[in-house]
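In this chain, numbering begins with 1 at the start of the sequence shown. Everything numeric here is computed off the predicted structure, so don't read it as measured data.
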Amino acid sequence: MIINLEKPYTGKYALDHLGFRPFFLAAGLFAILGMVLWLGIYHFKWLLLPSNYPATVWHGHEMIFGYAVAVAAGFLLTAVKNWTNRPTISQQPLLILALLWFLARVLPFTGLLSVAAVVDTAFLLWLTYEMAHPIIKAQQWKQMALVGKVALLIPANIAFYLGLLGYWTEGVQVGLYAAFYTILALIFTMGRRVIPFFIERGVGCPFEAKNDVWVDRFSLILFLGFAVADVIAMAFGHATAHFIAGLLALAQVPLHAFRMVGWYHPNLWEKTLLWVLYLAYGWLVLGFFLKFLAVAISISPWIALHAFAIGGIGMMTIGMMARVTLGHTGRNVAEPPTSLILVFLVLFSAAFIRVWNVWLVPEFYGEWILTAQLLWITAFTVFMWHYAPILIKPRIDGRYG
């Protein structure tokens with residue numbers, strides 16, 4: 001079907017118009033359902049997974065390749081269209097791509113792990129192609145760095161499944177940590193681009209959010225070294241790599257803190273869609289410091305991981321979904337739903353409890369985990385209650401998109 005973009009769109013539904021629509025919807029719903037399943041598996045011992053798929057491994061894989069990749073797919077497919085001014089995947093092919101993502105989430109529960117590996121990897125290959133094609137056509141070669149990061153998820157996922165299927169013992173950990181740090185790299189890259197821009201546009205007065213080219217370069221080099229060292233340390237138990245990862249994590253704390261100082265304006269606390277991104281970036285900085293403490297005083301590495309995952313990735317992605325959805329459906333990003341304040345504060349509380357309470361009051365470990373899970377589910381339920389109709393229905397200005 002050919003859509004005339006010059007005429008007002010009169011259809012009832014718009015889920016197949018742009019990448020952010022099906023993939024943000026999928027990410028939000030999966031954030032709820034995936035955590036409900038994890039809660040049941042963890043606390044009530046639901047026997048849903050095959051015996052050769054450890055529940056903690058499933059949880060880690062699905063939070064990365066299920067939730068985070070869905071958000072990244074929705075954001076990047078939409079952003080590529082804006083960057084290149086060329087059409088990206090839409091209509092039936094877009095829905096089929098989303099269906100492929102969905103099948104990869106369901107198949108592990110059937111025990112068909114080999115099929116799940118093929119489907120999940122095919123999805124990532126197709127996603128990478130759909131990102132790269134318009135960029136290459138437009139010859140915007142600087143954007144290929146983002147395509148390269150998405151492409152890195154493919155070997156990471158293959159390594160994971162090779163480990164899960166028994167072909168490579170360390171493959172599960174290599175794949176999980178490589179993918180996790182690839183997602184973090186994507187967030188740092190996009191955060192560096194959009195957060196200062198959003199702050200400049202949103203604080204309501206003349207303001208230049210400062211960026212330093214040397215901070216950019218050093219943070220990139222240090223993060224690459226840190227990620228490689230930590231993958232080696234976590235997958236192979238290499239003591240020297242563990243030590244190096246801790247030092248490189250510590251070195252990144254002042255760099256990213258300096259970046260946050262350059263972006264700071266007191267008016268950002270008046271804008272819901274600004275402070276959520278700023279706090280999320282702060283959780284990422286904290287994650288590096290906690291990663292250092294895991295080496296220096298042997299605190300649990302899961303403390304740092306969940307600072308990165310819930311506080312950093314969780315808050316950053318939900319904040320970006322909230323903003324992108326409003327902007328690309330004809331709504332005013334300066335007037336977001338008031339419920340977002342509750343959503344973001346509840347998610348912040350989930351991160352706080354999962355990190356600080358678990359670390360400092362470990363005798364209530366199970367209770368803290370359950371509380372954090374319930375808060376996560378609550379935050380995304382309220383979010384989807386307001387945003388699912390927006391993602392499904394057409395733009396309010398009558399345009400196609």
- Task: Would you confirm whether the ring centroid of F188 sits within less than 6.0 angstrom of the ring centroid of H256?
- Result: yes
- Note on the structure: Checking I303, V361, L286 against W356 for side chain to side chain contact (heavy atoms under 4.5 Å, CB included), the one that qualifies is L286
- For the residue pair I154 and T128, establish whether any side-chain heavy-atom pair is separated by less than 4.5 Å. yes
- Heavy-atom distance under 4.5 Å between the side chains of L48 and W58, does that happen here? no
- Query: Taking the six-membered ring for Trp, are Y161 and H61 ring centroids under 6.0 Å apart?
  - Reply: yes
- Message: Using modelled atom types and a 3.5 Å cut-off, is there a donor and acceptor pairing between side-chain atoms of S219 and backbone atoms of D216?
- Response: yes
- Might you point out which heavy atoms bring F226 and A245 nearest each other, and give the distance in Å? CD1-O, 3.3 Å
- Note on the structure: Scanning both residues in full, the closest heavy-atom pair of G191 with P196 reads O-CD, 3.4 Å
- Note on the structure: Of all heavy-atom pairs linking H306 and V355, the shortest is C-CG2, 3.9 Å
- Within a radius of less than 6.0 Å around CH2 of W83, do more than 12 heavy atoms belonging to other residues, nucleotides or ligands occur? yes
- Message: Can you confirm whether R193 is buried at CZ, in the sense that more than 12 heavy atoms of other residues, nucleotides or ligands lie under 6.0 Å from that atom?
- Response: yes
- Task: Answer yes or no: does atom NZ of K393 have more than 12 heavy-atom neighbours from other residues, nucleotides or ligands under 6.0 Å?
- Result: no
- Message: Can you confirm whether H43 sits close enough to I369 that some side-chain heavy atom of one is under 4.5 Å from a side-chain heavy atom of the other?
- Response: yes
- I221 side, atom CD1; L224 side, atom CG - distance, nearest 0.5 Å: 8.5 Å
- Item | Value rounded to 0.5 Å, distance of OG1 in T121 from CD1 in I158 | 5.0 Å
- Is the centre of the W368 ring less than 6.0 Å from the centre of the F352 ring? no
- Query: Is the shortest distance from a Lys or Arg side-chain nitrogen in D16 or R21 to a carboxylate oxygen in the other one below 4.0 Å?
  - Reply: no
- Would you mind reporting whether T272 and W275 have side-chain heavy atoms less than 4.5 Å apart? yes
- Query: Is the closest basic N to carboxylate O distance between K291 and D230 below 4.0 Å?
  - Reply: yes
- Using the side-chain contact (heavy atoms from CB on, under 4.5 Å) rule, take L391 and F20 through it: C-alpha gap first, then chi angles, then the decisive distance, then the call. CA-CA 8 Å; L391 291 165; F20 78 93; 3.8 Å; yes
- Kindly give the heavy-atom pair with the smallest separation between L248 and G225, and that separation in Å. CD1-C, 3.4 Å
- Item | Shortest non-hydrogen separation from L25 to I392 and the atoms involved | CD2-CG1, 4.2 Å
- May I ask you to test the H242-F236 pair for a side-chain heavy-atom distance under 4.5 Å? no
- Task: Decide, yes or no, whether a salt bridge links R105 with D120 under the criterion of side-chain N to carboxylate O below 4.0 Å.
- Result: yes
- Item | Residue of the set F24, Y387, Y67 for which ring-ring contact (aromatic ring centres under 6.0 Å, His included) holds with F380 | Y67
- Side chain T317, main chain V71, donor-acceptor under 3.5 Å: no
- Task: Calculate, to the nearest 0.5 Å, the distance between atoms CZ and CD1 belonging to F383 and I318 respectively.
- Result: 5.0 Å
- Message: Using side-chain heavy atoms (C-beta onward) and a distance below 4.5 Å, is P134 in contact with K81?
- Response: no
- Task: Report the C-alpha distance between Q139 and W141 in whole Å, list the side-chain angles of each, state the deciding distance to 0.1 Å, and finish with yes or no for side chain to side chain donor-acceptor pair (under 3.5 Å).
- Result: CA-CA 5 Å; Q139 298 184 354; W141 308 116; 4.9 Å; no
- So which heavy atom on A307 is nearest to which on G287, and how close? CB-CA, 4.0 Å
- Item | Crowding at CG, N85 (>12 non-hydrogen neighbours, <6.0 Å) | no
- Query: Are Q140 and V80 close enough that some pair of their side-chain heavy atoms sits under 4.5 Å apart?
  - Reply: no
- Item | Test side-chain contact (heavy atoms from CB on, under 4.5 Å) applied to V276 and F348, step by step | CA-CA 9 Å; V276 65; F348 181 91; over 6 Å; no
- Query: Crowded around F243 CZ? As in, over 12 foreign heavy atoms under 6.0 Å?
  - Reply: no
- Any chance the rings of F30 and F102 have centres within less than 6.0 Å? no
- Message: Main chain of I32, side chain of W376: is a donor-acceptor contact present, judged purely on distance under 3.5 Å?
- Response: no
- Is the centre of the W263 ring less than 6.0 Å from the centre of the Y281 ring? yes
- Item | Worked check of side chain to side chain donor-acceptor pair (under 3.5 Å) between H386 and S339 | CA-CA 8 Å; H386 289 278; S339 62; 3.2 Å; yes
- Item | Any E270 side-chain heavy atom under 4.5 Å of N267 side chain | yes
- Task: Would you please test R395 and Y400 for side chain to side chain donor-acceptor pair (under 3.5 Å) and show each step?
- Result: CA-CA 7 Å; R395 293 174 58 105; Y400 182 89; over 6 Å; no
